A.B. asks: 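Here it is, the structure in full.
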Amino acid sequence: MAGALRFRLLLLALLAAPSQGRRLRPASRLRYSRFLDPSNAVFLRWDFDLEAEIITFELQVRTAGWVGLGVTDRYTIVGSDLVVGGVLPDGNVYFSDQHLVDEDTLEEDGSQDAELLGLTEDAVYTTMRFSRPFRSCDPHDRDITSDTLRVLAAYGLDDALQLDRERTFVKSIFLLQIAHPDDLDVPEDTIIHDLEITDFLIPEDDTTYACTFLPLPIVSKKHHIYRFEPKLVHHNETMVHHILIYACGNASALPTGISDCYGADPAFSLCSQVVVGWAVGGTSYQFPDDVGISIGTPLDPQWIRLEIHYSNFHNLLGVHDSSGIRMYYTARLRKYDMGVLQLGFFTFPIHFIPPGAESFLSYGLCKTEKFEEVNGAPVPDIQVFGYLLHTHLAGRALQAVQYRNGTQLRTICKDDSYDFSLQETRDLPRRVEIKAGDELLVECHYQTLDRDSLTFGGPSTINEMCLIFLFYYPRNNISSCMGYPDIISVAHELGEEVSDSMEGMMAMNNVEWTPESIRKAEKACKEAQQTVIIKAIDETVENTTGWIPEITPSPRGPCSESSGGKVEPQDETPAGFRAAARTALSASSAAAADSARLLLAAALFAQGALSWLLVTLHGGV
């Protein structure tokens, strides 16, 4: 029995030799990449097929041991899935779809849903390439979704599958990116223009909103801005929370210098139509090839307000900053002029979140029925192509939902695994049309288990926001459409006697916050009448009212059955060899597999290995 098992292992090992791994490794370029560790020893490439719902990963690690890649959640790595593999000193490969039963122990999944595409090791790196479905039918596999995902990478210095926390890394990544900058057009006549603050002394306060007004490029004819990126001063990155560029109406009287955006001088809060925005974790963003920000025509703004939010929680002294936004523009015009529509909960203290909440939902309503009145002209159907989500530290999830004639039409965008440290402009997989009369609802999900006092809406990072910016075309004059609930009725539902909004806000401090009162407050906020504030680029404001509609969750798509087979308890073959051998053969055609077997037999005969195998079979080794 032992001899037969060794014979079986030897054949499996030979069939799973490195030449198989190299031969099967696709030559296709994987468009996306990211380092997953601080020392840049763990490098991930990936790409995906949205139609087939298959994602391909390539993990390259500076090690001669095993490597692993999977998905985890926000709070613990227990239960994470982890696909592991490596190359043994004798050149044989091993590969397996596993999960973490606790923080230190790996266990093989009953269903093998990852397909090995290549596994190699050289003098420096071990490289593993594999594919997997977005959603398998294995409960141990986490779904690949359009949310922010926590990617888990781990490796060892040898081939013993033992987790070491010093070599285990988790990084938030938005995997299902739609466009890559390399796939987009870069005009040869590109001009660069920087909009930046100059040598600003960051106050030692926890939170500072610094604003200044700057001219846009002066051009003799229409141009399009097609790309932007943050311009951050080295060592100051951790202090810059967000940067926003607002378009100013040309009739505005604008102040000079740098001042607090929302302080004593209200002139520094003029201009509310967002042009572009950047926040923590974001990088550059390039618009699709058919849209751009128009500059140079009489209808275009000539000035902007630059707003930079600084979070100086260490109260550092003497730090100067010159951050801003770099813009790329061209005379090669695109088909559409784009705009940005700001949605969500109006940011001020009527927005409250109780302490100790496992979950608390806030809502901001937008009703587009008055858009034409505020715009001053008919508003063409809005075609949304991108979005930016924004909450502060208590935020856990956001979504924007569209309604037409009282019926939920679609979820425009969402992230059920929002990460404050990764706020980036994202493309929609397909463009969404918004018609006049539609209602748009933003829902924000918060968690405050680590807080013992109320969190109010406000500008500081320890305050909260609930905002979604929609990038769309063709441009109109609407800058924002946001809502907030009747705080007086909310206070009454919580047993507080108040007569105005200020008393209503203050009364929230009188509530004893328990799981029951938290749920009661959430229900009261949702069922209260909302005031909707619509604002235009020229600071025109129009109010209306509405009620929060119900949100019907989107159904999950079907799962994909395993193509890698099941793991049978009575199968004594080591999982690594079995998985690698099966994957190698399944990725080849039957004819190629037959040819491989013939070549293997010929090689064995040529080297006199057959007699050695027979000796092995009879227990001689």
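Since we're looking at a predicted model, the values are computed, not measured.
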A.B. asks: Assess, by modelled atom type and distance only, whether the side chains of Thr455 and Glu464 contain a donor and an acceptor separated by less than 3.5 Å.
C.D. replies: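 No, no side-chain donor-acceptor contact under 3.5 Å.
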
A.B. asks: Tell me whether Ser362 contacts the main-chain N or O of Cys444 through its side chain, where contact means a donor paired with an acceptor under 3.5 Å.
C.D. replies: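 No; zero donor-acceptor contacts below 3.5 Å.
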
A.B. asks: If I compare all heavy atoms of His445 with all of Ser359, which pair ends up nearest, and what's the gap?
C.D. replies: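 Closest approach of His445 to Ser359, heavy atoms only: NE2-OG, 2.9 Å.
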
A.B. asks: Compare all side-chain heavy atoms of Glu229 with those of Trp278 and state whether any distance is below 4.5 angstrom.
C.D. replies: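 Heavy-atom side-chain distance check fails, nothing below 4.5 Å.
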
A.B. asks: For the backbone of Asp416 and the side chain of Gln399, can you confirm whether one donor and one acceptor N or O come within less than 3.5 Å of each other?
C.D. replies: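 No; zero donor-acceptor contacts below 3.5 Å.
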
A.B. asks: Quick one: do the His140 and Asp81 side chains pair a donor with an acceptor below 3.5 Å?
C.D. replies: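 Note: His140 and Asp81 side chains miss the donor-acceptor criterion.
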
A.B. asks: Report yes or no: do Glu433 and Gln383 form a side-chain donor-acceptor pair below 3.5 Å?
C.D. replies: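 Yes, a side-chain donor-acceptor pair sits under 3.5 Å.
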
A.B. asks: Decide if atom NE2 of His314 counts as having more than 12 heavy atoms of other residues, nucleotides or ligands within a radius under 6.0 Å.
C.D. replies: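 Check fails, neighbour count at 12 or below.
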
A.B. asks: Does some side-chain heavy atom of Ile54 sit less than 4.5 Å from a side-chain heavy atom of Phe48?
C.D. replies: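 They are not in contact (no side-chain heavy atoms under 4.5 Å apart), so the answer is no.
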
A.B. asks: Testing the basics here: between Phe174 and Leu422, what is the closest heavy-atom pair and its distance to 0.1 Å?
C.D. replies: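 Nearest heavy atoms, Phe174 then Leu422: N-CD2, 3.9 Å.
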
A.B. asks: Just by modelled atom types, is the Asp289 backbone N or O under 3.5 Å from a matching donor or acceptor in the Asp185 side chain?
C.D. replies: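 Such a contact is absent between Asp185 side chain and Asp289 backbone.
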
A.B. asks: Looking at every non-hydrogen atom in both residues, tell me the closest pair between Leu176 and Ser146 and how far apart they are.
C.D. replies: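 Looking at all heavy atoms of both residues, the closest pair is CD1-N, 3.9 Å.
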
A.B. asks: In terms of the angle between their ring planes, are Phe471 and Phe228 parallel, tilted or perpendicular, with boundaries placed at 30° and 60°?
C.D. replies: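 Correct class here is parallel.
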
A.B. asks: CD1/Ile77 to CG/Asp104 distance, rounded to the nearest 0.5 angstrom?
C.D. replies: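 So the CD1 of Ile77 and the CG of Asp104 are separated by 7.5 Å.
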
A.B. asks: For residues Val42 and Ala153, report the shortest heavy-atom separation together with the two atoms involved.
C.D. replies: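 In this case the closest contact between Val42 and Ala153 is CG1-CB, 3.9 Å.
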
A.B. asks: Distance from Leu117 atom CG to Phe130 atom CZ, nearest 0.5 Å?
C.D. replies: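 Reported to 0.5 Å precision, the distance equals 9.0 Å.
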
A.B. asks: Examine distances only and state if a side-chain atom of Thr72 and a backbone atom of Arg150 form a donor-acceptor pair shorter than 3.5 Å.
C.D. replies: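 The answer is no, because no donor-acceptor pair under 3.5 Å joins these two groups.
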
A.B. asks: Between Asp138 and Arg132, is the salt bridge (Lys or Arg N to Asp or Glu O under 4.0 Å) condition met? List the steps.
C.D. replies: CA-CA 12 Å; Asp138 184 348; Arg132 55 152 291 185; over 6 Å; no

A.B. asks: Would you say the side chains of Thr145 and Arg556 form a donor-acceptor pair under 3.5 Å?
C.D. replies: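 Absent: no donor and acceptor within the cut-off.
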
A.B. asks: Does a donor on one side chain and an acceptor on the other come within less than 3.5 Å for Tyr94 and Asp159?
C.D. replies: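 Result is yes, a qualifying pair exists.
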
A.B. asks: Could you go through His392 and Tyr446, starting from their C-alpha distance and side-chain angles, then the distance that decides it, and tell me whether this counts as ring pair (Phe, Tyr, Trp, His ring centres under 6.0 Å)?
C.D. replies: CA-CA 9 Å; His392 288 173; Tyr446 300 96; 9.7 Å; no

A.B. asks: Regarding Thr190 and Tyr226, do their side chains bring together a donor and an acceptor under 3.5 Å, going by distance alone?
C.D. replies: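 Short answer, yes.
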
A.B. asks: Tell me whether Ser460 contacts the main-chain N or O of Ile462 through its side chain, where contact means a donor paired with an acceptor under 3.5 Å.
C.D. replies: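 It does hold such a pair.
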
A.B. asks: Any donor-acceptor pair under 3.5 Å linking the side chain of Tyr418 with the backbone of Thr391?
C.D. replies: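 Here the side-chain-to-backbone pair exists.
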
A.B. asks: Any sub-3.5 Å donor-acceptor pair from Thr448's side-chain atoms to Ala357's backbone N or O?
C.D. replies: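 Yes; judged by distance alone, with no hydrogens or angles, the pair exists.
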
A.B. asks: Considering non-hydrogen atoms only, spot the tightest contact between Gln162 and Trp66 and give its length.
C.D. replies: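 Taking every non-hydrogen atom into account, O-CZ2, 3.6 Å.
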
A.B. asks: So which atom in Trp46 and which in Leu175 form the shortest heavy-atom distance, rounded to 0.1 Å?
C.D. replies: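 Heavy-atom minimum between the residues: NE1-O, 2.9 Å.
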
A.B. asks: Okay, side chain of Thr425, backbone of Leu388: is any donor-acceptor separation there less than 3.5 Å?
C.D. replies: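 Absent.
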
A.B. asks: Could you check whether any side-chain N or O of His99 sits under 3.5 Å from a backbone N or O of Glu107, counting only pairs where one atom can act as donor and the other as acceptor?
C.D. replies: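 Yes, His99 side chain to Glu107 backbone: donor-acceptor pair under 3.5 Å.
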
A.B. asks: Contact between Arg74 and Arg396 at the side-chain level, heavy atoms closer than 4.5 Å - yes or no?
C.D. replies: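 Touching, per the 4.5 Å side-chain cut-off.
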
A.B. asks: For the atom pair CG (Asp109) and OG (Ser136), what is the distance rounded to the nearest 0.5 Å?
C.D. replies: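 Those atoms lie 8.0 Å apart.
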
A.B. asks: Taking Gln60 for the side chain and Phe43 for the main chain, is one N or O donor matched with an acceptor at less than 3.5 Å?
C.D. replies: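 Not confirmed, Gln60 side chain does not pair with Phe43 backbone.
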
A.B. asks: Please report the interatomic distance CG(Asp47) to OG(Ser131), rounded to the nearest 0.5 Å.
C.D. replies: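 OG of Ser131 is found 12.0 Å from CG of Asp47.
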
